[in-house]
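Counting convention: from 1, in listed order, for ligands and their atoms alike.
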Amino acid sequence: MKRIAFFPGTFDPFTKGHEDIAIRGTQLFDEVIIGIGHNSKKKRFFPAEKMKDLIELHFENNPQVKVILYQGLTAKVAKDLGACVLLRGLRNTTDFEYENSIAQANRYVNGIDTVFIYTSPEYSHLSSSIIRELHKFGHDVGEFVPFHLKEGI
Ligand code: COA
């Protein structure tokens with residue numbers, strides 16, 4: 001049976017740190033499904049559909065990576081997709097505190113476990129909000145994002 005990992009996030013935008021987690025995930029699982037979900041505490045800057053297209057194009061030659069947009073509870077969507085685990089990256093102790101409670105909540109929903117991969121050190125300082133801020137002020141963020149982000153998207 002195919003072992004699928006569901007990698008959820010806001011991905012606003014998808015960064016080289018996220019790419020690193022997705023690729024390393026494919027070494028552990030048969031398939032990694034990147035799920036662009038909705039965090040009720042965050043307002044998006046980059047349209048989710050556009051981000052999906054960019055990530056899909058980036059992985060077009062990697063049949064182990066799929067991308068979806070989703071609504072609703074992450075744990076439920078993961079189970080509906082046949083995923084055996086959720087996949088998340090961990091950068092530091094702040095992430096650990098945050099991820100700990102989310103992982104418990106997701107396990108409470110339907111028993112799904114979360115597998116964490118430590119972010120490679122060269123990406124551990126990256127966050128989508130910092131990249132968004134730099135991009136908004138017209139700074140080239142090409143070294144942090146695995147594809148070109150046009151101005152205004
Ligand atoms: N490299 C770079 N950045 C990383 C990273 C890595 N390896 N790992 C985490 N991050 C950053 C992200 O860029 C993001 O940065 P930002 O806050 O500056 O934007 C931050 O860490 C974490 O955000 P993200 O990964 O997008 O997830 P999130 O915490 O916003 O959660 C959902 C998004 C959609 C997964 C979550 O809100 C969710 O599950 N929503 C549905 C409702 C639900 O089921 N809730 C859980 C049960 S209560």
Please classify the [X] to ligand 1 contact at 4.0 Å (heavy-atom distances, strictly less than): side chain, backbone, both or neither.
X: Ile21; result: side chain
X: Ile130; result: neither
X: Tyr98; result: side chain

N/O separation below 3.5 Å, Asn39 to ligand 1: yes

Short N or O distance, Ser128 and ligand 1, threshold 3.5 Å exclusive: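 Such a contact does occur with ligand 1.
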
Inter- and intrachain pairs under salt bridge (Lys or Arg N to Asp or Glu O under 4.0 Å), touching residues 125-140, at least two apart: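 Passing the test, one end in residues 125-140: Asp12-Arg132.
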
Sequence neighbours excluded - salt bridge (Lys or Arg N to Asp or Glu O under 4.0 Å) pairs with any residue from residues 20-29: Asp20-Arg24

Identity and distance of the protein heavy atom lying nearest atom 43 (C) of ligand 1: Leu73 CD2, 3.7 Å

Closest protein heavy atom to atom 3 (N) of ligand 1, given as residue, atom name and distance to 0.1 Å: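 Checked against all protein heavy atoms, atom 3 (N) of ligand 1 sits closest to Leu126 O, 3.5 Å.
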
Sub-4.0 Å heavy-atom approach of Gly72 to ligand 1: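 Yes, Gly72 has a heavy atom closer than 4.0 Å to ligand 1.
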
Gln71, CD: over 12 other non-hydrogen atoms inside 6.0 angstrom: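 Not buried by this count: 12 neighbours or fewer within 6.0 Å.
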
Validation row, ring centre Phe7 to ring centre Phe14 under 6.0 Å: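 No, ring centres 6.0 Å or more apart.
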
Residue selection (non-hydrogen contact nearest atom 9 (C) of ligand 1) among Arg91, Lys76, Gln71, Arg24: Arg91

Shortest heavy-atom approach to atom 30 (O) of ligand 1 - which of Lys16, Lys41, Lys42: Lys42

